[in-house]
Amino acid sequence: MNLGCGQVGNKQSMMPSSSGGSWKSGGGGGGDGGVSDQFPAGLRVLVVDDDSTCLMILEKMLRHCKYEVTKCNRAEVALSYLRENKNGFDVVISDVHMPDMDGFKLLEQIGLEMDLPVIMMSADDSKNVVMKGVTHGACDYLIKPVRIEALRNIWQHVVRKRKHEWKELDPSASADEQKPPEEPDYSSSANEGHNWKNTKRRKDEDDEADERDESSSLKKPRVVWSVELHQQFVAAVNQLGIDKAVPKKILELMNVPGLTRENVASHLQKYRLYLRRLSGSQHPGGMNTGFMGGPDAGYGSMSSLNGLDLQALAASGQLGQLPPQSLATLQAAALGRSNNSKSTISMPVMDQRNIFSFENPKSRYPEVQSQHLTNSNSSKPINLLPGIPTNIEPKQFSSLHQSGQHSLGSMNNLVLVQMGGQSQSHSQTPSQTQIHAQSNMNIHNGLRQPVMSNEMLTRGSVADMAPTVYNPVVSVSQASSLMNFSMNHKTDSCGSSYPLGGSLGMPNIPTTSTALQGDGNLDTKVSRKGIAPSYDIFNDLNQNRDWGLQDVGLTFDQSQHTIPVGLDASNPLLLQHNRSSGRDMGGQTRNFTSGKVSLSPGVDTRTHHNGSNVGQRHNTYVKTESDNDGSCHSSIYSEQYGQDDLLAAILKQQQHQGVGQAENEFVFDGYALDDLPV
Amino acid sequence: MELNHIMRQSKFTRNSLFEQGYLDEQFTQLEDLQDDANPNFVKEIVTLFFSDSTRLIRNVETALESYPLDFCKLDDYMHQFMGSSSSIGAKKVKEECTQFQECCKARNGQGCIRAFQRVKQEHATLKRKLETYFQILKQGAKTSKVE
């Protein structure tokens, strides 16, 4: 490809901030919005290396990747470039050994001043050096000789960083999100992207393998914490006693070949955080089960994002067999987490919108909560997502999945599920958290890999999300994501009948859910509809939720009992139904918007570019906002579960954000995540 | 006819460089980067490498003459050398650099001097071989133009 000119013409749009002022000629700022389609082409890279040979080679390789490259051989010069043009670059690649300034020092400086993602590079692959890179905050570490494959995926660091930034916008969220991931940044070198499976981060499976080979020694093959593995882990921990559970012993007890002490250690860390969170919200005891659905998967990239949230999610999701109480607890925890984490769950590129819709549900309806609590007492898992059975059966998800492919994108589903799982009993916070978490997950999911494949969901993030053991959920295509979750959660009480009559197919959901309809953008609106009805569930905590969300329209009707949540994938939006018929939806919706806010920015479903949602801004978020009229629509969320609220809120936010146009806002500056290549 | 012959020769030369371990896969990466817009990219890079590395070699020689030997500095030089030689795929040169670094770590002055001799040797050999290779390529290009 003739990149000789070095400018990739169009890219500019990628960074809106740089519009006009883009230092790099090219295109910088453009901001014509077109960039989103071309992302990551046009990514503005600054390369710093004292070795001219390497510098030249790197420049050529980056140009071949269609990035805009600026090179310099002195660290000071690089800093001046960066300072002159604050928004002129998206990512910096720097050598470690440089005569005028230590690469790590430069890394720190850049982090402090510009907060750009920095990738370190060196011929030295010794562990301590790589570790140093990680501890100094490098996004990645490439070993020389650098191959072009390693450079192709560096854009992921940009996306990830932005996602984190969004999350940070919401102070509440930051608390959780900011927690530094326990594990090293497995995002691995840009080689090939991350293997979704292994880490929560979005990774390209194939790439990851390659990446791993090429990545620094620090990066170990990511372990996919499947449900089974996690359960083994939990069993081991319980056997040892949480206080005495040390990685070494856990590893021995688990006796899983190929699992390293480090894997266990990081997982344990997450688990502990998760437990802490749960105990904070409600029964401390219930957690062991739900720790995660695929924790690592999600944790990876999102590490800061919602490692914890994910965990919560995972926890909730994964345990299909969680007893209702636990599930509720999990949910609560998750919710709680999400609350803290902040509504702006930057939804991954994928269509996370839905997830957030639940954002505020909880807060709004205290009574709901109490109901939930009651319910939980009655040992019925309170599914935040109406209709979402607490013990979601994997099958259900799969079915959902299949039916699903809805625009909601898996992420949403995940979120939804979570929400449901999270037992509404917990106060809003939990729900919020949950949503948040979910959204985070989604975000991760979405961002992580450009293609939000169901795989991703299955992998881990989804799993994490679903309160019940939804492993399968993950697989649920994003489209049906939301619904799936709900479906799977079979609340005990309901007998898990989530007919959801395929309504998950949200796109087609008839408008029943008026509430949802709020924004057209939400693709998933449809799904919401289906869900809507279920949210009324709270009203009838008697758990007969029959979540079958039958037709998308989510029979939100006030007959709360039937919360057709039908997790069967048909209602991704399940969460959305804010139909709380008896509820004061108005309030709810309102809350959503306010509460969650965070979702929008990050969550911008844009990310859902892939697959199902590409191009559509699916804001499946249940537009709770739109329904302030009190229609169940908004209430849906609040009613049932905190999760719902969260999701609703999130969705609302999304909606407000104008999902459609919001793209740019949420996503990083130049790239509309929507369009991220799948 | 002549072009074919030249092409064959260049291929042969190239393959032997790989087979004998003078070059590795990274060189292929460079070749892949070459395109119509930069038809001489590989040659440019190689030329740049040799000019940089020659300078570096001189620095090392100077450092080796000082007493006592500054192993850290030597190690640094070698690290640099290794970085650039690995970037172009200069396999044998890189291997000798690693040896040198080992000696530095062991603070083996004599070992360093010997290792460095080998580095210089491989460096010179590679330079010669690549020059030949580029000559053939150039000839091939000229011939193809003519034909």
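Here is the naming used below: chain letters follow the sequence lines, and residue numbers restart at 1 for every chain. Everything quoted here is computed from the prediction, not taken from an experiment.
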Tell me which donor-acceptor pairs under 3.5 Å the side chains of residues 104-112 of chain A have, and how far apart each pair is, sequence neighbours excluded?
| unit_1 | atom_1 | unit_2 | atom_2 | d |
| --- | --- | --- | --- | --- |
| A:Glu108 | OE2 | A:His136 | NE2 | 3.3 |
| A:Gln109 | NE2 | A:Glu113 | OE2 | 2.9 |

From [X] [atom1] over to [Y] [atom2], what is the distance, rounded to the nearest 0.5 angstrom?
{"X": "A:Asp51", "Y": "B:Met82", "atom1": "CG", "atom2": "CE", "answer": "12.5 Å"}
{"X": "B:Asn38", "Y": "A:Met56", "atom1": "CG", "atom2": "CE", "answer": "7.5 Å"}
{"X": "B:Leu30", "Y": "A:Lys60", "atom1": "CG", "atom2": "NZ", "answer": "10.5 Å"}

Under 4.5 Å to a heavy atom of chain B? For A:Asp50 that would be side chain
In terms of heavy-atom pairs under 4.5 Å, which option from B:Thr47, B:Leu48, B:Asp32 contacts chain A the most?
B:Leu48
Show me the side-chain donor-acceptor pairs of residues 64-78 of chain B shorter than 3.5 Å, one per line, residues at least two apart or across chains.
| unit_1 | atom_1 | unit_2 | atom_2 | d |
| --- | --- | --- | --- | --- |
| B:Ser66 | OG | B:Ala63 | O | 2.8 |
| B:Asp70 | OD1 | B:Cys72 | N | 3.3 |
| B:Asp70 | OD1 | B:Lys73 | N | 3.2 |
| B:Asp75 | OD1 | B:Gln101 | NE2 | 3.4 |

Minimum heavy-atom distance between [X] and [Y], given as atom pair plus value:
{"X": "A:Ala123", "Y": "B:Gly83", "result": "CB-CA, 4.0 Å"}
{"X": "B:Ser84", "Y": "A:Cys54", "result": "CA-SG, 4.1 Å"}
{"X": "B:Ser86", "Y": "A:Pro145", "result": "O-CB, 3.2 Å"}
{"X": "A:Ile57", "Y": "B:Phe41", "result": "CA-CZ, 4.3 Å"}
{"X": "B:Gln29", "Y": "A:Val146", "result": "OE1-O, 4.3 Å"}

B:Met7 atom CE: more than 12 heavy-atom contacts under 6.0 Å
no
